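Starting from 1, each residue takes its place in the sequence as its number. None of the values given here were measured: they were computed from a predicted structure. Side-chain atoms are counted along with the backbone in the values below, which use heavy atoms only and exclude waters and symmetry mates.
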Amino acid sequence: MKHTLDIVPLKSWIDTGDKPLIIAGPCSAETEEQVVSTAHLLANTGKVNVLRAGIWKPRTRPGEFEGIGSVGLEWLRRAKAETGLLTATEVATAKHVEEALAAGIDILWVGARSTANPFTVQEIADALQGVDVPVFVKNPVNPDLSLWIGALERINRAGIKKLGAIHRGFSSFEKTAFRNEPMWDLAVQLKSACPELPIINDPSHICGNRELLPYIAQKAMDMDQQGLIVESHIDPSVAWTDAKQQVTPAALADLLDNLSVRHPESNNPVFDDKLAELRQQIDKLDDAILKQIGDRMKIAEKIGEYKRDNNVTILQVSRWDEILEKRVQLARALSLSEDFAAKYLELLHNESIRKQNEVMNAKPVAEA
């Protein structure tokens, strides 16, 4: 389903020279010297458009460092005056919005915890009424596309037309190599629902460590995201928050130098013709796959009838385990990932169960 947002293109409100938007700076503003020194190093790379710094930090537990507070806004103002970099910070309350705007902060973003709470988003939106300032909205902590779109709509309805989204990954019960699972499919779904919406990537919060940053940053570029927001500290080893995921300005410059930035379209007619031919092949295969799935479900219905007539339950765990084991082995032999194969089979299995459940619990047609 498409969602219409009344927004203006990213390039109309920030000049990146046809390159990805790069927002960088420390996770937290700690001292004036730290903020200003980091800003100078970032500006000297010639690769950063916006200086970011957390002024107010929503922490998981009380007693942790919750941000330097409003005094840090003056440090950002000084950094901008000395380097020419635009400035950005997170806001979570109406008071944050008012103080940030009064200090001349150029770009605001709504954090993941705030996005998850419509009451908080609405408070921020109300404070933005009548203001012309760019706002980015991070995805909610949990993988809920409706919450993300809803937050964007609330900010947009407040009159904010310079609007974008930040893909920062999602919390997962299972522990993996990432701090927050990328779940790229949700970012793709957001782009499909809101085609004109610029989306930038936050590899720092996805990764949770600096070692994985190049991989995620490149993946974001390959997924046609319009920029990066990266945590960069003059000395990450002594950072007060999220030290493991911050990089020095020099390391950030090296990362950006090694990015391959591609384009979503080509002006080469030979390329377009070949791509159209390959896509036509894909379309035919997709049609054939769906037809075979339809045939498979008709057999599942017959199985449901047979089980019903013989008073046998729908679910037979041993049969499911056998299917999963054999088909995953086949997928591996076909160079398909085991995770993909398992998820695909689970979807098929769930649909088969639904079909059989309909058959087994259908009420008999009354005789005329």
Side-chain angles (χ1 to χ4, degrees), residues 1-5 7-12 14-22 47 139 143 145 148-149 152 163-170 178 181-203 206 212-229 255-296 327-328 330-345 347-348:
M1 178 180 176
K2 300 294 183 184
H3 294 262
T4 302
L5 297 172
I7 60 177
V8 295
L10 178 66
K11 63 182 180 181
S12 72
I14 187 165
D15 182 13
T16 63
D18 290 327
K19 296 179 180 178
L21 170 64
I22 304 298
K47 303 176 188 301
N139 62 253
L145 183 63
W148 200 359
I149 293 175
L152 287 159
L163 185 64
I166 298 175
H167 173 211
R168 51 82 75 192
F170 302 86
F178 301 109
E181 281 297 306
M183 298 188 187
W184 298 100
D185 57 315
L186 284 173
V188 171
Q189 288 175 41
L190 177 64
K191 191 66 175 178
S192 296
C194 309
E196 305 305 318
L197 180 72
I199 303 176
I200 67 173
N201 188 271
D202 179 352
I206 288 177
L212 289 171
L213 289 179
Y215 169 74
I216 291 297
Q218 184 59 62
K219 182 70 177 287
M221 295 298 97
D222 293 343
M223 297 296 287
D224 193 30
Q225 296 189 352
Q226 283 73 60
L228 302 170
I229 177 168
L255 183 155
L256 296 174
D257 279 337
N258 286 284
L259 277 184
S260 295
V261 180
R262 301 176 174 92
H263 303 285
E265 304 291 342
S266 170
N267 294 322
N268 184 342
V270 176
F271 169 84
D272 290 341
D273 289 345
K274 183 61 177 178
L275 186 61
E277 177 188 334
L278 293 171
R279 284 175 170 169
Q280 189 175 40
Q281 294 177 30
I282 288 285
D283 291 344
K284 288 181 179 179
L285 286 169
D286 284 344
D287 290 345
I289 289 169
L290 286 172
K291 182 179 183 303
Q292 289 190 321
I293 290 175
D295 292 342
R296 187 187 192 281
R327 300 302 185 274
V328 168
L330 176 59
R332 194 184 304 122
L334 295 170
S335 299
L336 299 173
S337 78
E338 292 186 22
D339 181 60
F340 165 75
K343 288 179 178 177
Y344 170 72
L345 290 167
L347 287 171
L348 280 179

remark   = Rounded to the nearest 0.5 angstrom, the CG-CD distance for Leu278 and Gln281 is 5.5 Å
Asp283 atom CG, over 12 foreign heavy atoms within 6.0 Å = yes
note = Closest non-hydrogen atoms of Leu152 and Leu163, given as atom of the first, atom of the second and distance, are O-CD2, 3.6 Å
key: Value rounded to 0.5 Å, distance of OG in Ser12 from CD1 in Ile7   = 9.5 Å
query = Do Ser192 side-chain atoms and Val188 backbone N/O form a donor-acceptor pair below 3.5 Å?
reply = yes
ask   = With side chains defined as the heavy atoms from C-beta onward, is the minimum distance between Leu213 and Ile206 less than 4.5 Å?
value = no
inquiry  = How close do Ala341 and Val328 get, counting heavy atoms only, and between which atoms?
reply    = CB-CG2, 4.4 Å
query = Is any side-chain heavy atom of Leu348 closer than 4.5 Å to a side-chain heavy atom of Arg296?
reply = yes
ask   = For the residue pair His167 and Phe170, does the interplanar ring angle fall in the parallel (under 30°), tilted (30 to 60°) or perpendicular (over 60°) class?
value = tilted
query = So, do Lys284 and Asp287 sit near enough that their side-chain heavy atoms are less than 4.5 Å apart?
reply = no
ask   = Does Lys219 use its side chain to pair, donor to acceptor, with the backbone of Trp184 at less than 3.5 Å?
value = no
Exam field: side chain Asn139 to backbone Gly169, donor-acceptor pair closer than 3.5 Å = yes
request  = Check whether any side-chain heavy atom of Leu10 sits under 4.5 Å from a side-chain heavy atom of Leu21, and report yes or no.
outcome  = yes
ask   = Taking C-beta and beyond as the side chain, do Asp272 and Asn268 meet within less than 4.5 Å on heavy atoms?
value = no
inquiry  = Quick test of your reading of the model: are Asp15 and Lys11 salt-bridged, counting only N-O distances below 4.0 Å?
reply    = no
task = For the residue pair Met221 and Leu228, establish whether any side-chain heavy-atom pair is separated by less than 4.5 Å.
result = yes
task = Go through Arg327 and Leu345 one step at a time and tell me if the side chain to side chain contact (heavy atoms under 4.5 Å, CB included) criterion holds.
result = CA-CA 8 Å; Arg327 300 302 185 274; Leu345 290 167; 3.3 Å; yes
message = Donor-acceptor pair, distance only, cut-off 3.5 Å: does the side chain of His3 make one with the backbone of Ile149?
response = no
ask   = Is the count of non-hydrogen atoms from other residues, nucleotides or ligands lying under 6.0 Å from Glu265 atom CD greater than 12?
value = no
inquiry  = Using 0.5 Å steps for rounding, measure from the CG atom of Leu259 to the CG atom of Leu255.
reply    = 5.5 Å
query = Do the non-hydrogen side-chain atoms of Pro182 and Ile216 ever get within less than 4.5 Å of each other?
reply = yes
Smallest separation among heavy atoms of Trp148 and Leu186, with atom names = CZ3-O, 4.3 Å
key: Heavy-atom pair with the smallest gap, counting every atom of Ile199 and Ala187   = CD1-O, 3.9 Å
request  = Using a strict cut-off of less than 4.0 Å between a Lys/Arg side-chain nitrogen and an Asp/Glu carboxylate oxygen, indicate whether Asp339 and Lys343 qualify as a salt bridge.
outcome  = yes
query = Is there a side-chain contact between Leu275 and Ser266 (heavy atoms, below 4.5 Å)?
reply = no
request  = Mind jotting down which residue pairs meet the salt bridge (charged side-chain N to carboxylate O under 4.0 Å, His left out) criterion with at least one end in residues 182-198? Sequence neighbours excluded, please.
outcome  = none
remark   = Leu285 meets the side-chain contact (heavy atoms from CB on, under 4.5 Å) criterion, sequence neighbours left out, with none
message = Using modelled atom types and a 3.5 Å cut-off, is there a donor and acceptor pairing between side-chain atoms of Gln226 and backbone atoms of Asp224?
response = yes
Whether over 12 other heavy atoms sit under 6.0 Å from Asp257 CG = yes
query = So, Gln218 side chain and Ser260 main chain: donor-acceptor pair closer than 3.5 Å or not?
reply = yes
